[in-house]
2 protein chains.
Amino acid sequence: MSVTIKDVAKLAEVSISTVSRVINNSASVSPEARRRVLAAIDKLGYKPNQVARSLVTKKSNLIGVIVTDIGNSYVAQMMRGIEEVGRMYNYDILLSSSYGNPKTELKFAELLRSKQVEGIILISEDVDEAVIDVIKEFNIPFMYLNKYYKVSNLPSVSIDNYEASFMMTKYLLELGHENILYITVNNDKVGSVEKDKIEGYRKAMEEFKKDELILSTKDFTVEAGYDMGNILENLIDERNITAVFCCQDEIAIGLINYCYDSNIQVPKDISICGYGDTKMASIYRPSITTIKEPYYDIGAVAIRRIIKELEGDKIEEPSIYLPIQLIKRESCRRI
Amino acid sequence: MSVTIKDVAKLAEVSISTVSRVINNSASVSPEARRRVLAAIDKLGYKPNQVARSLVTKKSNLIGVIVTDIGNSYVAQMMRGIEEVGRMYNYDILLSSSYGNPKTELKFAELLRSKQVEGIILISEDVDEAVIDVIKEFNIPFMYLNKYYKVSNLPSVSIDNYEASFMMTKYLLELGHENILYITVNNDKVGSVEKDKIEGYRKAMEEFKKDELILSTKDFTVEAGYDMGNILENLIDERNITAVFCCQDEIAIGLINYCYDSNIQVPKDISICGYGDTKMASIYRPSITTIKEPYYDIGAVAIRRIIKELEGDKIEEPSIYLPIQLIKRESCRRI
DNA sequence: GTGAAAGCGCTAACAA
DNA sequence: TTGTTAGCGCTTTCAC
């Protein structure tokens, strides 16, 4: 068996309380006793059993994170922020992947709870009120991170999508583009950020007195972007489209792939920009003009807020918005 | 406070032992008592405290994973496999990122231990014997995953790099390429898989009676690949190089980026292949011919082996090699 | 089939 | 400054 506090106490010839005091620095211990305890700890290679400690202190120092899919680049970036900041404050991360299944999310939430996590971060790509309600009832700090939807009154960290979309559209307009296509993803659900982004696009187009043109694709994948290719090809001729604002980098990449395959040159023949600034956007050629969503920071701020709440701070504003950035790269040119 | 086994016992008017028996199905309980207990559990929304349970059973159902950086695509893929298979067997994942720092790895290893993890998976990119030794001493199932180094006699899951490299080189030769450049990364450390890969390349070149040409770059990054560009440009002229086998996809992508910027067409002017089959390799244009390292499976098999060991199976072979695949895409052409 | 009691490894009164 | 003791929430003998 592994060595316990008793073994240390015996070897150091003190009581277990004294050992406990030494390892927790919780009360004054005579230099002599401390020395003996430390020596014993060293000799035995004693490491306190955190499980036992948790049981009595009711502090697990665990924060549960439920993600859709850790294989998604942006999720991994958020995890980095979560992990790194959590670590600074001595919190460990219990990870579970739901693959977008609400049933699984629910199961994991309860599992995390039974493991006594002190807070939960849910990274979701859909909205399921049932899961949210259950987690809320746990009465522990909770952060809801969703790149695609807003849920009002839920503590979260995100960006101002309206502003970002407006900024990007304006940039394209200022480059001289007059006919700018916005590619969104079919979505009627309440809270979809696409609504805000479309508003931002519209606002800018109106300001420049240009006609809007919005098309939907089926989802946020490279394939969906690729599939928009032939429609775009027609639009270039028929509507003299010179720039496309894609609602996600993946779609932009798919579209540029189509162009590559069809000998349409980007940005010479058409300017294409994305949204998100995933890793790929900077590595791909042409490198992609996009909006940088600060994934790392979103994760970092989310866990920081949880820890603050754990430390007693009440969080005032449920939603925090982080600054975005327009990243100008090769895929969009002045016209 | 949250509801405990006592509350359930009181409401059901049985002893806590009976409640325990019901939730664990550990001994026969009269139908009537079971019914009452179940009703009480349901009414109170009772969830057993896993921490308390762990303390007595000495089973935490936790597996600790130390990764270099969850932001790396291949690490995230491995994590998927680890998480998903762990979940099937009811194990939770405690995640920590070392960012390659051995001191941090060590600290996390001990932290994980004190959290009573039942097994540890270390995903590393360097070799630090000290860390390995410490983890070994924990005497719990341990898997060592390292894409770049082999450490003999350590339980691990990897691929046969010699074979993979041989296969790829042979493929290029069979496409008609005669002068094939292999780009490796400067590395004298023992156990580097680059040694095996170079051997595989050599073997194939010898078999086809061609001269080898090997160059080193500084690390496994896109930038390092890009930096090889001008050297390659000269080599195309001077040595009539028609194909480049890069030891990692990132380097291949960097090199192709250079070509893109310098109006060298891939694969028309030069064929370039990579190694790893990261996500990027299939999305990038031209799509990249590469060796598929089965990251997901590596993670899945690693944790499965840990669980098997936890279940009492002794693991015979320390190292397991998973099958690789040659993925033929656009970046290499017949000559 | 069931309850009482011991104990997992630890912290935190409390008393000395 | 120190030791004794009670418990954290649970499982598991051991009697009955």
Side-chain angles (χ1 to χ4, degrees), chain A residues 1-38 40-41 44-62 90 110-118 138, chain B residues 1-38 40-41 44-62 90 110-118 138:
Chain A
M1 284 313 312
S2 63
V3 18
T4 75
I5 197 170
K6 274 188 190 166
D7 304 317
V8 176
K10 194 174 292 167
L11 183 63
E13 297 181 301
V14 294
S15 73
I16 60 166
S17 345
T18 300
V19 178
S20 175
R21 283 175 192 119
V22 171
I23 58 186
N24 294 302
N25 251 308
S26 54
S28 44
V29 173
S30 70
E32 168 59 11
R34 156 165 280 111
R35 199 193 52 70
R36 289 216 309 275
V37 169
L38 260 17
I41 287 177
L44 299 172
Y46 169 72
K47 294 268 175 267
N49 179 331
Q50 296 293 346
V51 170
R53 183 177 275 175
S54 291
L55 185 58
V56 23
T57 59
K58 276 151 177 21
K59 274 204 61 68
S60 64
N61 278 279
L62 244 35
N90 249 303
E110 300 192 317
L111 210 117
L112 291 175
R113 185 65 186 126
S114 74
K115 294 252 183 201
Q116 311 303 112
V117 296
E118 297 182 40
F138 291 167
Chain B
M1 284 313 309
S2 63
V3 16
T4 76
I5 198 171
K6 273 186 190 167
D7 304 316
V8 176
K10 195 174 293 168
L11 184 62
E13 298 181 297
V14 295
S15 72
I16 60 166
S17 336
T18 300
V19 177
S20 175
R21 282 174 193 123
V22 171
I23 59 186
N24 294 302
N25 251 308
S26 53
S28 43
V29 173
S30 70
E32 168 58 11
R34 156 165 280 110
R35 199 192 54 69
R36 289 215 309 275
V37 169
L38 259 18
I41 286 177
L44 298 173
Y46 169 71
K47 294 266 177 270
N49 180 330
Q50 297 293 344
V51 171
R53 183 177 276 175
S54 292
L55 184 58
V56 23
T57 59
K58 277 147 174 26
K59 273 203 63 68
S60 64
N61 277 277
L62 245 34
N90 249 303
E110 299 192 317
L111 210 115
L112 290 174
R113 186 66 185 124
S114 75
K115 294 251 183 204
Q116 311 302 114
V117 296
E118 297 182 40
F138 291 167

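From a predicted model like this one, the values you see are computed outputs, not experimental measurements.
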### Query
OP1 or OP2 of C/dT11 sitting under 4.0 Å from any side-chain N/O of A/K59?
no
Where the side chain of A/S54 meets the backbone of A/K59, is there a donor-acceptor pair that is under 3.5 Å apart? yes
Is the phosphate of C/dT11, meaning OP1 or OP2, less than 4.0 Å from a side-chain N or O of A/S20? yes
Between B/P48 and A/E13, the residue closer to the 5' end of DNA chain D by nearest nucleotide is A/E13
Donor-acceptor pair under 3.5 Å, B/S17 side chain vs D/dT11 base | no
Query - Heavy-atom donor-acceptor pair, A/Q50 side chain to B/Q116 backbone, under 3.5 Å - result: no
Exercise for review: May I ask you to say whether A/E32 pairs ionically with A/R35, meaning some side-chain N is under 4.0 Å from a carboxylate O?
Suggested key: yes
Between CD of A/Q50 and P of C/dT11 the distance, given in whole Å, is 8 Å
Considering only heavy side-chain atoms of B/I5, the closest of C/dA5, D/dG9, C/dT2 is D/dG9
Between A/V37 and the options A/L11, A/I23, A/V14, A/V29, the side-chain contact (heavy atoms from CB on, under 4.5 Å) test singles out A/V14
N or O in side chain of B/S26 less than 4.0 angstrom from D/dT11 OP1/OP2: no
Ranking B/E32 and B/V56 by the position along DNA chain C of their nearest nucleotide, the one closer to 5' is B/E32
Rounded to whole Å, the CG-P distance (A/D7 to C/dC10) equals 9 Å
Review point. D/dG3 phosphate, OP1 or OP2: any side-chain N/O from A/S15 under 4.0 angstrom?
Key: yes
* Verify the contact: side-chain N or O of A/K6 to OP1 or OP2 of C/dC10, cut-off strictly under 4.0 Å; return yes or no. => no
Separation of D/dT2 atom P from A/R35 atom CZ, nearest Å, is 12 Å
Separation of D/dT12 atom P from B/R21 atom CZ, nearest Å, is 11 Å
Is any side-chain N or O of B/N24 closer than 4.0 Å to OP1 or OP2 of D/dT11? yes
In whole angstroms, the gap separating P of D/dT12 from CD1 of B/I16 amounts to 13 Å
(message) Just N and O in the side chain of B/T18: are any of them under 4.0 Å from OP1 or OP2 of C/dG3?
(response) yes
In whole angstroms, the gap separating P of C/dC10 from CG of A/N61 amounts to 16 Å
Taken to the nearest whole Å, CG/B/N49 to P/D/dC8 is 12 Å
